[in-house]
Amino acid sequence: MSDRFAGKLLAWYDQHGRHDLPWHFDRNAYRVWVSEIMLQQTQVATVIPYFQAFMERFPDVQALASAPVDDVLGHWSGLGYYARARNLQKAAITIVEDFGGEFPDNPEELETLTGIGRSTAAAIVAQAYGKRAAILDGNVKRVLARYHAIAGWPGQTAVLNQLWEHAEEHTPEERPRDYTQAIMDLGAMVCTRTRPDCESCPLSNGCQAYARGETRLYPGSKPKKEKPEKATWMIIVEDEDGRILLERRPPSGIWGGLWSLPELDPALGADELQEACEQHLGMSCSEPELISGFRHTFSHYHLHIQPARLALTQPSKIADADQHRWFHRDEALVLGLPAPIRTLLTQPEQAALL
DNA sequence: TATGCGTGGGC
DNA sequence: TGCCCAAGCAT
């Protein structure tokens with residue numbers, strides 16, 4: 001059911017909306033898809049340079065499907081949530097092999113592709129094909145929670161279901177592509193998390209939170225939880241050529257599938273480090289030089305990273321194994337690296353100062 | 001249903 | 001500074 005809500009929003013969008021984002025040009029399902037995946041839990045300004053570089057390197061779904069995974073992760077390095085990149089390529093292979101290189105144009109089939117859920121499927125259908133489909137991202141949740149004064153945290157199923165109902169109800173038959181962009185733009189530009197600009201909002205007339213002067217109460221906030229503290233050793237091993245040993249991380253878990261510094265059991269004492277390191281790597285190392293550690297905060301925990309530098313005392317026994325490889329710093333930078341590790345390699349002097 | 005998954009921005 | 005959050009999804 002299309003109502004006044006959509007009409008007002010579209011009129012506002014024509015004047016004030018964002019019409020020139022990179023994925024608005026040469027619009028096709030592939031570009032829309034990649035942009036939607038990058039934009040999951042990630043702000044527009046952060047995504048833009050990644051999207052540009054990604055499209056230069058992987059201009060179509062065939063290029064993505066046939067690329068080495070390290071190359072894909074390398075273009076994702078620093079963007080976070082790396083399962084998105086792995087799922088993206090997996091889905092690209094499915095599209096090439098099972099769909100003849102053609103994107104599905106309906107939400108049901110799109111949702112069978114890994115990494116595409118209800119909202120992303122709808123966004124692709126609306127943005128790429130101009131078909132009516134309701135999205136519900138963080139922006140839409142905020143707009144609708146305020147407009148209808150829906151109490152509670154959207155992580156709760158009951159709250160989420162209400163929001164989905166309203167999202168479906170407001171999405172119009174006409175101009176669904178513009179409407180989808182419009183409601184996201186409103187959430188990003190006017191109905192912001194803090195200090196919404198209600199005076200210039202086209203929907204303030206019917207907004208229940210605004211009528212009550214309670215926009216701050218919506219959407220409800222997530223219940224607080226204590227973040228556990230974790231710790232780990234990060235090992236910087238250099239050989240006689242100044243190359244650094246990197247280790248491919250397991251496919252799941254934090255920084256899954258990325259290249260990183262080898263990790264050792266945090267329970268090890270500094271005096272046990274050398275032996276553990278030699279055992280882990282199968283090579284002889286010097287005594288470790290401890291570098292002052294730093295704390296890295298994730299969504300669910302704090303990680304205290306304790307770097308230790310060792311030098312190789314014998315030539316490397318590791319050939320080109322699958323899990324461990326020697327890299328010069330500039331070589332390493334084209335790999336999928338976690339942001340803190342990338343920083344450490346780009347600014348080696350930081351390792352000494354940490 | 002709850003949790004794991006990254007990084008940077010904003011206050 | 002520490003905390004919440006952002007164009008969510010998979011398990």
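Order of the sequence lines fixes the chain letters, A, B, ..., with proteins taken first and strands second; residue numbering starts at 1 for each chain. Just so you know, these numbers come straight off a predicted model, no measurement behind them.
Applying a 4.0 Å cut-off to non-hydrogen atoms, none of the residues of residues 194-201 of chain A approaches DNA chain C. Interface residues of residues 118-131 of chain A facing DNA chain C, ordered by number: A:Arg118, A:Ser119, A:Thr120; criterion, heavy-atom separation under 4.0 Å.
Residue A:Tyr301 has no polar side-chain atom (N or O) positioned under 4.0 Å from OP1 or OP2 of B:dT3. Within the 4.0 Å cut-off from OP1 or OP2 of B:dA2, not a single side-chain nitrogen or oxygen of A:His300 is found.
Cluster note: A:Leu217 groups with A:Tyr218 through ILVMFWY side-chain heavy atoms spaced under 4.5 Å, whether in direct contact or through intervening members.
By the side chain to side chain contact (heavy atoms under 4.5 Å, CB included) test, A:Thr42 is found to be paired with A:Thr46, A:Val47, A:Leu79, A:Arg84, residues two or more places apart in sequence or in another chain being considered. Every residue meeting the side chain to side chain contact (heavy atoms under 4.5 Å, CB included) condition with A:Pro223, not counting sequence neighbours, appears here in chain and number order: A:Trp153.
The ring of A:Phe51 has its center no closer than 6.0 angstrom to the ring center of A:Phe54.
Between the CE atom of A:Met189 and the P atom of B:dG10 there is a distance of 15 Å, given to the nearest Å.
Comparing B:dT7, C:dA10, B:dG4 by their closest approach to the side chain of A:Asn87 singles out C:dA10.
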Could you run down the sub-3.5 Å N/O contacts of the protein with nucleotides 3-7 of chain C?
{"from": "C:dA6", "atom 1": "OP1", "to": "A:Arg142", "atom 2": "NH1", "distance (Å)": "3.2"}
{"from": "C:dA6", "atom 1": "N3", "to": "A:Gln41", "atom 2": "O", "distance (Å)": "3.4"}
{"from": "C:dA7", "atom 1": "OP1", "to": "A:Asn139", "atom 2": "OD1", "distance (Å)": "2.6"}
{"from": "C:dA7", "atom 1": "OP1", "to": "A:Asn139", "atom 2": "ND2", "distance (Å)": "2.6"}
{"from": "C:dA7", "atom 1": "OP2", "to": "A:Asn139", "atom 2": "OD1", "distance (Å)": "3.0"}
{"from": "C:dA7", "atom 1": "O5'", "to": "A:Asn139", "atom 2": "ND2", "distance (Å)": "3.0"}
{"from": "C:dA7", "atom 1": "O4'", "to": "A:Asp137", "atom 2": "OD2", "distance (Å)": "2.4"}
{"from": "C:dA7", "atom 1": "N6", "to": "A:Trp23", "atom 2": "NE1", "distance (Å)": "3.2"}
{"from": "C:dA7", "atom 1": "N1", "to": "A:Arg18", "atom 2": "NH2", "distance (Å)": "3.2"}

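Side-chain contact check for A:His280 and A:Glu247: at least one donor-acceptor pair (N or O, by modelled atom type) lies under 3.5 Å.
Around the CD atom of A:Glu56, the shell of radius 6.0 Å holds no more than 12 heavy atoms that belong to other residues, nucleotides or ligands.
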